[in-house]
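Heavy-atom basis, side chains included; hydrogens, waters and symmetry copies ignored. Protein chains get the first letters and strands the later ones, always in sequence-line order, with residue 1 at the start of each.
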Number of protein chains: 2
Amino acid sequence: MVATYKDIRRITGLSLATISKYYNGGNVLGPNRELIEKAAAELDYQVNNVARGLRSRRSMTVGVILDELASTFNTTIVSRIEERLREAGYGTIICDSRRDAESQADVMRFLVGKMVDGIVVIPVDDDTSFLAAARDRDVPVVAVDRLMPGTDSVVIDNRAAIASAVQLLVTAGHTAIGLLAGPDTTYTMRERRAGFRDAMQDRTGLLPRAELMTPEHVSVEGGCTGLRRLLRLSAPPTAVVCANYVLTLGATIALNELGQELRPALVGFDNLELARLIRPRPTLVTQPIESLATEAAELLLQRLSGGGPDDPVTITLDTTLMVGHESTYQLRP
Amino acid sequence: MVATYKDIRRITGLSLATISKYYNGGNVLGPNRELIEKAAAELDYQVNNVARGLRSRRSMTVGVILDELASTFNTTIVSRIEERLREAGYGTIICDSRRDAESQADVMRFLVGKMVDGIVVIPVDDDTSFLAAARDRDVPVVAVDRLMPGTDSVVIDNRAAIASAVQLLVTAGHTAIGLLAGPDTTYTMRERRAGFRDAMQDRTGLLPRAELMTPEHVSVEGGCTGLRRLLRLSAPPTAVVCANYVLTLGATIALNELGQELRPALVGFDNLELARLIRPRPTLVTQPIESLATEAAELLLQRLSGGGPDDPVTITLDTTLMVGHESTYQLRP
DNA sequence: CTCCTTTGGCGAAACGTTTCGAACCACTTT
DNA sequence: AAAGTGGTTCGAAACGTTTCGCCAAAGGAG
């Protein structure tokens with residue numbers, strides 16, 4: 001049988017109220033403190049968090065909803081968030097929405113039903129209707145890597161990220177640059193595409209041809225076929241920018257099948273493991289993934305303690321361009 | 001204000017007991033059913049799982065402890081387990097022990113304190129003392145990918161896995177085969193090394209030279225340096241078996257720096273993404289990762305419902321050898 | 001020495017469920 | 001008509017905490 005306050009009361013003779021006070025950092029006289037500590041050790045007592053949660057209306061758990069679990073980007077985020085929240089006493093319930101909006105809504109209801117105190121989400125797409133379940137129950141939500149109107153969000157400066165890639169390539173002499181990006185259904189992709197267009201116009205004075213930036217399916221396959229399509233154009237680009245990790249992966253695979261002399265310059269996105277595995281060392285736009293996670297965790301913790309501004313907050317972080325081997329960005333003569 | 005049974009009672013005139021029965025699948029007369037459903041819809045009622053947990057002594061959450069989160073192997077496992085457990089109504093609290101035994105023990109206490117109903121763990125090493133916290137509170141534990149004496153475990157047939165790699169290489173004519181494996185501190189590594197030794201003896205009649213199987217640090221770096229060390233030996237191996245994913249990754253990186261003609265044959269372990277990215281297509285021992293996860297989930301669910309045999313269960317699954325491009329395993333003339 | 005304030009402790013009432021035994025009802029059986 | 005039966009419903013007591021209002025003792029100011 002697991003010990004309760006009542007057992008401690010039996011041993012110490014103190015009241016439940018005093019014992020509770022002890023476990024919640026209130027003032028308890030020295031001798032009584034020791035009495036409780038001794039009894040607790042003897043009984044191997046541990047606070048029952050479920051009972052505590054019922055009374056205090058906090059479950060001390062938060063939910064994390066991911067569009068997919070099996071991606072380095074996401075696991076890094078989860079790992080950091082979990083670490084920070086556990087420090088603060090919160091358990092992290094994880095849910096994989098498998099890139100499915102309906103499943104995402106299910107999961108949201110599931111978590112709200114589990115009485116989580118807050119939620120971090122990497123949403124599947126721009127549709128915010130699934131947030132209603134949380135809003136109805138006043139559960140704070142922080143979105144990561146997507147800007148959700150009306151919700152706290154932590155994002156990177158997508159336009160600047162792509163612009164830094166474009167700048168490198170234009171400086172190296174490229175003018176015909178292609179973009180591998182997904183459809184405009186997510187905020188992130190919209191921003192990256194817009195950032196590409198704007199940066200091209202800024203740096204070259206011209207808008208890129210539409211055929212150089214048609215949307216791809218966001219997958220390894222999409223990256224492969226997209227790169228091949230670009231290179232089959234009558235006027236193929238001399239350089240390609242990939243707007244996300246899996247597209248970079250796909251493009252790299254497609255590149256491996258080409259002869260050295262045919263390879264376009266390629267600037268990818270976001271994976272650190274990749275950089276170590278691939279020769280020549282790739283040029284990559286890298287996101288501050290850990291910061292993204294810690295900012296999200298801190299923001300959520302602030303909301304959980306009832307703090308923060310009344311209006312939704314958006315935190316924007318900067319990316320870094322990791323310049324790889326020069327063959328990955330130079331224009332061939 | 002969030003609705004409770006009392007609100008439903010006010011509207012329907014039924015007793016709390018009947019309402020509870022409705023929500024727990026008991027028999028309730030048709031008209032009363034409808035009454036409750038109508039009231040619940042009106043109130044936007046959702047069961048309070050914390051209160052339910054207090055009374056029924058089940059939190060309907062389980063903990064998952066991982067030695068690290070950022071590995072495809074582990075995330076695949078988590079994703080599947082989470083999916084299956086959520087189907088059964090359980091929330092999955094995830095904890096990353098960061099390969100640190102002390103942190104693993106902390107996390108175990110944390111989860112037990114959170115009143116989880118069960119725990120799945122991929123342990124840091126063979127030390128089982130951290131399990132005490134769970135055992136004291138009668139929380140069932142299932143270990144994945146490690147055999148923990150006295151605990152339900154789901155593992156692969158490590159010896160057979162390595163033996164299949166050795167068989168392929170010996171059949172292709174190799175006799176000097178090296179092994180990249182970690183130190184014998186974990187069950188998994190011990191089994192794989194023993195499996196290697198036994199298979200070599202079976203197939204070649206000789207034990208491999210000790211210098212061909214000295215332990216490496218289990219990391220990408222360890223794989224790199226280990227492969228280089230093997231090739232610098234006065235009698236270098238003509239083929240190398242890697243006993244795990246990160247070692248394979250490291251060895252592959254080191255391989256990339258060698259000229260084609262110097263490359264030894266290489267059989268790696270366990271990653272599917274890898275296979276798509278690397279040319280020539282590598283030969284890999286692949287684990288049934290998804291099955292590992294579903295078996296673990298089913299076993300835990302069985303324990304959660306009080307079922308299963310009295311003694312700890314060990315489930316052993318088989319691996320598959322995915323043969324890649326022939327240059328990855330053939331002996332050069 | 002009295003009055004007031006501060007401190008620590010106490011009993012009892014929540015929090016929102018589940019569960020147990022008893023009560024009830026409409027039948028069927030004697 | 002009384003007794004038995006099977007299926008529903010009910011009231012009340014848990015589950016293990018936190019919290020509210022009150023009280024006693026101790027300390028300080030006048």
**OP:** Return the angle between end axes of the helix from C:dC1-D:dG30 to C:dT30-D:dA1, with five pairs used per end and rounding to 10°.
**Re:** 50°
Side-chain donor-acceptor pairs under 3.5 Å in residues 133-142 of chain A, sequence neighbours left out?
unit_1, atom_1, unit_2, atom_2, d
A:Arg137, NH1, B:Asp44, OD2, 3.4
A:Arg137, NH2, B:Asp44, O, 2.9

Ignoring hydrogens and angles, write down the donor-acceptor pairs under 3.5 Å from the side chains of residues 27-37 of chain A, residues two or more places apart or on other chains.
unit_1, atom_1, unit_2, atom_2, d
A:Arg33, NH1, A:Val28, O, 3.3
A:Glu37, OE2, A:Tyr22, OH, 2.9

Original post:
Listed by chain and number, what are the side-chain contact (heavy atoms from CB on, under 4.5 Å) partners of B:Thr188, not counting sequence neighbours?
Top reply: B:Asp145, B:Arg146, B:Asn158, B:Thr186, B:Arg192
Subject >> Partners meeting side-chain contact (heavy atoms from CB on, under 4.5 Å) with B:Ile11 (sequence neighbours left out) >> reply: B:Ala39, B:Glu42, B:Leu43
Original post:
salt bridge (Lys or Arg N to Asp or Glu O under 4.0 Å) with A:Arg57: which residues, sequence neighbours excluded?
Top reply: none
Could you pull out all residues at least two apart from [X] that satisfy side chain to side chain donor-acceptor pair (under 3.5 Å)?
X	result
A:Thr18	A:Ser15
B:Asp157	none
B:Gln46	none

Mind listing the N/O atom pairs, protein and nucleotides 21-28 of chain C, below 3.5 Å?
none

Original post:
Any side-chain heavy-atom pair from A:Phe110 and A:Ile65 closer than 4.5 angstrom?
Top reply: no
Original post:
What string of B, S and - do you get for nucleotides 8-21 of chain D, 5' to 3', when a contact is any protein heavy atom under 4.0 Å?
Top reply: SBBB-BBBBBBB--
**OP:** Any side-chain hydrogen bond (donor to acceptor under 3.5 Å, both in side chains) involving residues 121-133 of chain A? Give me the pairs, sequence neighbours left out, ordered by first then second residue.
**Re:** A:Asp126-A:Arg190, A:Asp127-A:Ser129
